[in-house]
Engineer: 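After the structure tokens below, expect a handful of questions from me.
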Amino acid sequence: MSDVFEGYERQYCELSANLSRKCNSASLLSDGEEKKEKISEIKSGLDDCDVLIRKMDLEARSLQPSVKAMLLAKLREYKSDLNKLKREFKRATSGNAGQVAHEELLEAGMADVRSASADQRERLSMSVERLNQSGDRIKESRRTMLETEELGVSILEDLHQQRQTLLHAHNKLHGVDDAIDKSKKILTSMSRRISRNKWIVGSVIAALAIAIIFIIFFKFSHR
């Protein structure tokens with residue numbers, strides 16, 4: 001509930017009750033200065049009521065839809081009350097009761113038409129507002145969907161880059177494996193050559209040793 005609306009509402013209720021009493025007392029007065037003064041006061045009060053009604057209407061329409069609907073329904077009651085006060089004022093200031101009754105019937109009919117028209121405008125306004133809100137929600141959903149789609153594309157691109165990196169690393173590892181296999185083969189071949197060279201060197205040393213022993217034996221045997 002709006003504090004501003006409640007302030008206008010209190011002012012209107014106090015003024016309406018005061019005007020109702022003044023209309024009743026004016027109807028009992030005979031034509032004269034006192035009645036003219038009372039009528040002038042009532043006219044001024046009715047104008048103030050119109051101003052308060054307009055202020056309440058503007059304040060209610062500036063609020064949230066849920067609060068606005070409730071306040072506008074209450075405002076229609078105050079408008080009906082104000083029309084009733086205006087009819088009482090006419091009865092108090094007019095000497096022709098039949099003409100006043102006829103005018104009241106016409107005004108009541110016009111008031112019903114205006115009320116129905118106001119209700120239709122209000123329903124239309126609320127429908128347009130709901131459509132606008134729905135449109136905003138659709139736009140927000142579409143924006144979220146586009147952002148999600150862009151995020152998905154970015155993630156797919158990152159995954160593709162990671163896959164390429166993994167494939168490149170796998171190819172490098174495969175090349176390293178090939179190099180290791182070649183190195184093993186080379187080391188195995190070198191090891192075999194070293195072993196063969198050891199046997200050859202051992203054989204040469206053994207042959208030299210045998211030759212030296214044979215020479216020494218030959219020298220000692222011919223002395």
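These values consider heavy atoms only, across backbone and side chains, with no hydrogens, waters or symmetry-generated copies.
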Engineer: Can you list every salt bridge (Lys or Arg N to Asp or Glu O under 4.0 Å) pair that touches residues 20-29, not counting sequence neighbours?
Structural biologist: Lys22-Glu41
Engineer: Looking at Arg163, I'd like to know if its CZ atom is crowded, meaning that more than 12 non-hydrogen atoms belonging to other residues, nucleotides or ligands lie closer than 6.0 Å.
Structural biologist: no
Engineer: Are the side chain of Thr148 and the backbone N or O of Thr144 linked by a donor-acceptor pair below 3.5 Å?
Structural biologist: yes
Engineer: Asp81 side chain to Glu77 main-chain N or O, any donor-acceptor pair under 3.5 Å?
Structural biologist: no
Engineer: Quick one: do Asp57 and Lys68 make a salt bridge, cutoff under 4.0 Å?
Structural biologist: no
Engineer: Would you please say whether a donor-acceptor pair under 3.5 Å links the side chains of Asp48 and Tyr12?
Structural biologist: no
Engineer: For the atom pair CG (Asn132) and NZ (Lys139), what is the distance rounded to the nearest 0.5 Å?
Structural biologist: 8.5 Å
Engineer: Decide yes or no for Phe5 and Val67: does some side-chain heavy atom of the first lie under 4.5 Å from some side-chain heavy atom of the second?
Structural biologist: no
Engineer: Should we count CD of Gln64 as having more than 12 external heavy atoms under 6.0 Å?
Structural biologist: no
Engineer: Leu159 and Ile155: side chain to side chain contact (heavy atoms under 4.5 Å, CB included), yes or no, with the steps?
Structural biologist: CA-CA 6 Å; Leu159 291 174; Ile155 292 173; 4.1 Å; yes
Engineer: Report the distance from atom NZ of Lys182 to atom CG of Leu187, rounding to the nearest 0.5 Å.
Structural biologist: 14.0 Å
Engineer: Checking the side chain of Ser183 only, and the main-chain atoms of Ala179 only, is there a donor and an acceptor separated by less than 3.5 Å?
Structural biologist: yes
Engineer: For Glu140, is there an ion pair with Arg137 - N to carboxylate O distance below 4.0 angstrom?
Structural biologist: no
Engineer: Show me, pair by pair, the donor-acceptor contacts under 3.5 angstrom made by side chains of residues 194-201, not counting sequence neighbours?
Structural biologist:
{"residue": "Ser195", "atom": "OG", "partner": "Ser191", "partner atom": "O", "Å": "3.0"}
{"residue": "Asn197", "atom": "ND2", "partner": "Arg193", "partner atom": "O", "Å": "3.2"}

Engineer: Do you know the tightest heavy-atom contact between Leu19 and Cys49?
Structural biologist: CD1-SG, 3.6 Å
Engineer: Just so I know, are the side chains of Lys43 and Leu46 near enough to count as touching, which here means a heavy-atom distance under 4.5 Å?
Structural biologist: no
Engineer: One thing to verify: whether Glu59 and Lys55 come together as a salt bridge, which I'm taking to mean a side-chain N less than 4.0 angstrom from a carboxylate O.
Structural biologist: no
Engineer: Nearest 0.5 Å, please: how far is NZ in Lys90 from NZ in Lys86?
Structural biologist: 9.0 Å
Engineer: Rounded to the nearest 0.5 Å, how far does CD of Glu149 lie from CE of Met145?
Structural biologist: 7.0 Å
Engineer: Met190: which other cluster members, linking ILVMFWY side chains closer than 4.5 Å, directly or transitively?
Structural biologist: Ile186
Engineer: Just how far is it from atom CD of Glu6 to atom CD of Glu9, taken to the nearest 0.5 Å?
Structural biologist: 7.0 Å
Engineer: Looking at Val51, Leu58, Leu52, which one forms a side chain to side chain contact (heavy atoms under 4.5 Å, CB included) with Tyr8?
Structural biologist: Leu52
Engineer: Check whether any side-chain N or O of Ser20 sits under 3.5 Å from a backbone N or O of Ser16 as a donor-acceptor pair, and report yes or no.
Structural biologist: no
Engineer: Can you measure from OH (Tyr78) to CD1 (Ile53) and round to the nearest 0.5 angstrom?
Structural biologist: 8.5 Å
